[in-house]
Amino acid sequence: MHPTENEPPPQGGYAEIRIVSATPEAARAVAEVIRRRFAGTEQRSYPAPGGGTRLHLTVDTETAAGSARTWLATSRPPTGTGPHSEEP
């Protein structure tokens, strides 16, 4: 099944996302990043025309998947994991 321009759009507040990649692992990695930001449905995976993987998921654009953190916050090491100020 290939997507067509005749498909009805998802209901309000939802978005359909299609990821096409050379490997299933790459498609899942991208889907995981999207799921960290948006609540969504279970993903559906299909073979892509000409090889590769096509992954579909529906996300709720009005509901966050949890506490979203900025890239700056996620790039910093967690507090309390390094030496204390009085330690060498």
Side-chain angles (χ1 to χ4, degrees):
M1 176 179 159
H2 297 288
T4 67
E5 293 180 19
N6 297 330
E7 288 184 24
Q11 63 184 0
Y14 288 85
E16 290 286 329
I17 300 173
R18 286 161 172 66
I19 302 164
V20 179
S21 70
T23 66
E25 294 78 18
R28 283 191 289 268
V30 172
E32 181 61 32
V33 171
I34 293 168
R35 274 195 237 95
R36 287 183 194 154
R37 176 64 176 96
F38 298 105
T41 63
E42 190 66 30
Q43 65 194 29
R44 298 157 322 271
S45 181
Y46 307 95
T53 297
R54 189 170 40 144
L55 192 141
H56 297 187
L57 62 148
T58 304
V59 295
D60 181 346
T61 61
E62 296 176 347
T63 305
S67 59
R69 296 172 60 197
T70 66
W71 71 268
L72 181 59
T74 59
S75 66
R76 293 182 177 155
T79 58
T81 59
H84 293 260
S85 59
E86 61 275 353
E87 293 180 12

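None of these values were measured; they are calculated from a predicted model. Throughout, residue positions are numbered sequentially from 1 according to the sequence presented.
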(message) For F38 versus D60, what's the shortest heavy-atom pair and its separation?
(response) CD2-O, 3.7 Å

(request) Using the test side chain to side chain donor-acceptor pair (under 3.5 Å), find all partners of E32 that sit at least two apart in sequence or belong to another chain. (result) R35

(request) Work out which heavy atom in T53 is nearest to a heavy atom in S45; give both atom names and the distance. (result) CG2-OG, 3.5 Å

(message) To the nearest 0.5 Å, what is the distance between OG on S21 and CZ on R54?
(response) 12.0 Å

(request) Please round to the nearest 0.5 Å and tell me the distance separating atom CZ of R18 and atom CG of L57. (result) 9.5 Å

(message) Taking side-chain contact (heavy atoms from CB on, under 4.5 Å) as the definition, give me every residue that meets it alongside A29, ordered by chain and number, with sequence neighbours left out.
(response) none

(message) Given 3.5 Å as the limit, does a donor-acceptor pair link the side chain of T61 with the main chain of G13, or not?
(response) yes

(request) For residues L55 and V30, determine if any side-chain heavy atom of one lies less than 4.5 Å from a side-chain heavy atom of the other. (result) no

